[in-house]
Asker: 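My structure is below; once you've seen it, I'll send some questions.
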Amino acid sequence: MTVFQFELHRSLSHTVESAAQHAHAAALETRMTCRGVSVHYGAKQAVENVNLDIRANEVLAFIGPSGCGKSTLLRCLNRMNDNIDGCRVSGDIHLDGQDIHAASMDVVPLRTRVGMVFQKPNPFPKSIYDNVAMGPKLHGMVKTKSDADAVVEDALTKAGLWEEVKDRLLQPGTGLSGGQQQRLCIARTLAVQPEIILMDEPCSALDPIATAWIEQLIEQLSAEVSIVIVTHSMQQAARVSRRTAFFHLGRLVELGDTSQVFTQPRETLTERYITGLFG
């Protein structure tokens, strides 16, 4: 058994155990659906006719080689692609039965419900406190200073950061370490009470210790929200996700339970990627 296979087996064992812990929960409901979703950048097609569902309280991993469309699809889920010139999205995406591209859909509350954590930590050039409190204040979710204090403490606690920063909340968020900054960004997202969190390679710029913190946090948060994570690390996908979607050249090649995708892939292309024949 190679080192990679050993690590993958260990990660999948953890995944199976985590899935068993969630087995007593009610049947997973579908929160978000994608049907026939395609994305073009000008004349170039980046995503082709993707169909998938995002379920309540699950972690869904997007894997595949660079340029396969996984981050592009992720940005479709809260219309971040609206900000890219020349980007055109077609097909249907619904959140709890609502068309997110409908004329009546305001993108601001959509991005509150479907939050995003980016590859590189991007704290605001403000205090740790203001990084977390700003969103709830802008959305009218807090009325008093004590309300804001409670939201800040709760979000930082859920992000595993409260004990580390509670005595320096007025210091700049940019002064934290890389791993702490990423957890601050997660706390900032949690503060506005999202229902789905999108994570675009959230650990790619972090060291192994900070990565372990984020992965543990993902597992804890999945009890409350749905999480979709783009990752280049197959071991990470195996550790944190309940289902995995494999993309290649803009197409969704395979989608299934993580243990099935990694150990008994249905598609030859998936098997070739998993075993390292390309990527």
Asker: Which of these, Val132, Leu217, Ile128, Leu184, sits in a side-chain contact (heavy atoms from CB on, under 4.5 Å) with Leu161?
Answerer: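 Option passing the side-chain contact (heavy atoms from CB on, under 4.5 Å) with Leu161: Leu184.
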Asker: Are side-chain heavy atoms of Ile229 and Pro202 found at a separation under 4.5 Å?
Answerer: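 Yes, their side chains come closer than 4.5 Å.
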Asker: Against Arg113, only a single residue in Ile196, Val192, Asp96 fulfils side-chain contact (heavy atoms from CB on, under 4.5 Å); can you say which?
Answerer: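 Of the listed residues Ile196, Val192, Asp96, the side-chain contact (heavy atoms from CB on, under 4.5 Å) partner of Arg113 is Asp96.
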Asker: Tell me yes or no: between the side chains of Arg75 and Asn81, is some donor less than 3.5 Å from an acceptor?
Answerer: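 Judged by distance alone, the side chains do pair up.
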Asker: Group every Ile, Leu, Val, Met, Phe, Trp and Tyr by side-chain heavy-atom contacts under 4.5 Å, then state whether Tyr41 and Leu74 land in the same group.
Answerer: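 Tyr41 and Leu74: separate clusters.
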Asker: Once salt bridge (charged side-chain N to carboxylate O under 4.0 Å, His left out) is applied, what residue pairs with a partner in residues 199-218 remain, sequence neighbours excluded?
Answerer: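 Applying salt bridge (charged side-chain N to carboxylate O under 4.0 Å, His left out) to every pair that reaches into residues 199-218, excluding sequence neighbours, yields Glu215-Arg239.
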Asker: Identify whether Val117 and Trp162 are in the same connected component of the hydrophobic contact network (ILVMFWY, side-chain heavy atoms under 4.5 Å).
Answerer: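 No, no single cluster joins them.
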Asker: With rounding to the nearest 0.5 angstrom, report the SG to CG distance, Cys203 to Leu206.
Answerer: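 Going from SG on Cys203 over to CG on Leu206, the span is 5.5 Å.
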Asker: To the nearest 0.5 Å, tell me how far Thr72 OG1 sits from Met80 CE.
Answerer: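 Between atom OG1 of Thr72 and atom CE of Met80 there are 12.5 Å.
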Asker: Donor-acceptor check, side chain of Asp257 to backbone of Arg243, threshold 3.5 angstrom: yes or no?
Answerer: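 Not at all, since once roles are kept as given, no pair shorter than 3.5 Å links the two residues.
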Asker: Run the numbers on Asp99 and Met105 for side-chain contact (heavy atoms from CB on, under 4.5 Å), then give the verdict.
Answerer: CA-CA 8 Å; Asp99 182 357; Met105 177 64 72; over 6 Å; no
Asker: Hey, is CG on Leu277 packed in by over 12 heavy atoms from elsewhere, all under 6.0 Å?
Answerer: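 Check passes, neighbour count above 12.
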Asker: Can you check whether Ser204's main-chain N or O pairs, donor with acceptor, with Lys120's side chain at less than 3.5 Å?
Answerer: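 Flag not set: sc Lys120 to bb Ser204 has no pair under 3.5 Å.
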Asker: Search all heavy atoms of Leu190 against all heavy atoms of Ala155 and return the closest pair with its distance.
Answerer: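 Reported closest heavy-atom pair: CD1-O, 4.2 Å.
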Asker: Restricting to non-hydrogen atoms, name the atom on Ile54 and the atom on Ser226 that form the minimum distance, rounded to 0.1 Å.
Answerer: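 Shortest heavy-atom contact: CG2-CB, 4.1 Å.
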Asker: Determine whether Met134 and Leu176 fall in the same hydrophobic cluster, where Ile, Leu, Val, Met, Phe, Trp and Tyr are linked whenever their side-chain heavy atoms lie under 4.5 Å apart.
Answerer: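 No: no chain of side-chain contacts under 4.5 Å links Met134 to Leu176.
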Asker: Do Leu169 and Ser127 have side chains that approach each other closer than 4.5 Å (heavy atoms only, starting at C-beta)?
Answerer: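 Side-chain contact under 4.5 Å: no.
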Asker: Measure the shortest side-chain to side-chain distance between Phe62 and Leu255 over non-hydrogen atoms and say whether it is less than 4.5 angstrom.
Answerer: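 Counting from C-beta outward, Phe62 and Leu255 never come under 4.5 Å.
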Asker: Where do Pro123 and Gly173 come nearest, in terms of heavy atoms and distance?
Answerer: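 Closest approach of Pro123 to Gly173, heavy atoms only: CG-O, 4.2 Å.
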Asker: Distance from Thr270 atom OG1 to Glu254 atom CD, nearest 0.5 Å?
Answerer: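 The distance works out to 4.0 Å.
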Asker: side-chain contact (heavy atoms from CB on, under 4.5 Å) for Arg266 and Gln260? Distances and angles first, verdict last.
Answerer: CA-CA 8 Å; Arg266 293 185 293 268; Gln260 172 265 307; 3.0 Å; yes
Asker: Counting only heavy atoms not in Gln193, do more than 12 fall under 6.0 Å of its CD?
Answerer: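 No, because the 6.0 Å sphere around CD of Gln193 holds 12 heavy atoms or fewer from other groups.
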Asker: Quick one: closest heavy-atom pair of Pro65 and His232, and the distance?
Answerer: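 Closest approach of Pro65 to His232, heavy atoms only: C-CE1, 4.1 Å.
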Asker: Strictly by salt bridge (charged side-chain N to carboxylate O under 4.0 Å, His left out), give each pair with a member in residues 165-191 just once, sequence neighbours left out.
Answerer: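 Qualifying pairs, neighbours excluded: Glu163-Lys166, Glu164-Arg183.
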Asker: What pair of heavy atoms forms the shortest contact from Gly69 to Val47, and how long is it?
Answerer: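 It is O-CG2, 3.6 Å.
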Asker: Is there a path of hydrophobic side-chain contacts, each under 4.5 Å between heavy atoms, that joins Met116 and Val225?
Answerer: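 As far as the 4.5 Å side-chain criterion goes, Val225 and Met116 are not connected within one cluster.
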Asker: Would you say Thr33's side chain and Asp53's backbone share a donor-acceptor pair under 3.5 angstrom?
Answerer: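 Between the backbone of Asp53 and the side chain of Thr33 there is no qualifying donor-acceptor contact (under 3.5 Å).
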Asker: How many angstroms lie between atom CD1 of Ile63 and atom NZ of Lys70, to the nearest 0.5 angstrom?
Answerer: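 So the CD1 of Ile63 and the NZ of Lys70 are separated by 9.0 Å.
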Asker: Check whether any side-chain N or O of Gln182 sits under 3.5 Å from a backbone N or O of Phe118 as a donor-acceptor pair, and report yes or no.
Answerer: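 Side chain of Gln182 to backbone of Phe118, a donor-acceptor pair under 3.5 Å: yes, one is there.
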Asker: Looking just at side-chain N and O atoms, do Ser146 and Thr144 make a donor-acceptor pair shorter than 3.5 Å?
Answerer: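 Yes.
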Asker: Would you say the side chain of Leu77 lies within less than 4.5 Å of the side chain of Met32, judging by non-hydrogen atoms?
Answerer: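 Contact flag for Met32/Leu77 side chains = yes.
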Asker: Do Glu48 and Arg251 meet the salt-bridge criterion of a basic N to acidic O distance under 4.0 Å?
Answerer: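 No salt bridge links Arg251 with Glu48.
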Asker: Return the CD1 to CD1 distance between Ile186 and Ile214, rounded to the nearest 0.5 Å.
Answerer: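 Answer for the CD1-CD1 pair, Ile186 versus Ile214, is 4.0 Å.
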Asker: Report yes if some heavy atom in the side chain of Val151 is under 4.5 Å from a heavy atom in the side chain of Asp147; otherwise report no.
Answerer: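 Counting from C-beta outward, Val151 and Asp147 never come under 4.5 Å.
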Asker: With no hydrogens and no angle check, is any side-chain donor or acceptor of Gln98 less than 3.5 Å from a backbone partner on Ile100?
Answerer: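 Here the side-chain-to-backbone pair does not exist.
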Asker: Indicate whether the side chain of Thr157 and that of Asp154 have a donor and an acceptor atom separated by less than 3.5 Å.
Answerer: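 Distance-only check fails for Thr157 and Asp154.
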Asker: Is the shortest heavy-atom distance from the side chain of Val114 to the side chain of Leu198 under 4.5 Å?
Answerer: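 Answer yes - side chains close enough.
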Asker: So do Val240 and Thr231 actually touch side chain to side chain, heavy atoms under 4.5 Å?
Answerer: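 No - every pair of side-chain heavy atoms lies 4.5 Å or more apart.
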Asker: What closest approach, in Å, do Phe124 and Asn131 show between heavy atoms, and which atom pair accounts for it?
Answerer: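 What the structure gives for the nearest pair is N-OD1, 2.7 Å.
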Asker: Roughly how far apart are Ile218 CD1 and Met199 CE, rounded to 0.5 Å?
Answerer: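 With rounding to 0.5 Å, CD1 (Ile218) is 4.5 Å from CE (Met199).
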Asker: Taking Asn57 for its side chain and Ala223 for its backbone only, find out whether a donor-acceptor pair lies under 3.5 Å.
Answerer: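 Looks like yes, one N/O pair under 3.5 Å.
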Asker: Checking Glu58 side chain against Arg55 main chain: does a donor-acceptor pair fall under 3.5 Å?
Answerer: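 Yes.
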Asker: Go through the steps for Arg111 and Asp106 under the test salt bridge (charged side-chain N to carboxylate O under 4.0 Å, His left out), then give the verdict.
Answerer: CA-CA 9 Å; Arg111 291 176 185 161; Asp106 187 336; over 6 Å; no
Asker: Using 30° and 60° as the class limits, which term best fits the ring planes of Tyr273 and Phe246: parallel, tilted or perpendicular?
Answerer: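 Judged by the thresholds at 30° and 60°, the geometry between Tyr273 and Phe246 is parallel.
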Asker: Hey, any chance Phe262 and Leu60 share a hydrophobic cluster, counting ILVMFWY side chains that come within less than 4.5 Å of each other, even indirectly?
Answerer: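 Phe262 and Leu60: separate clusters.
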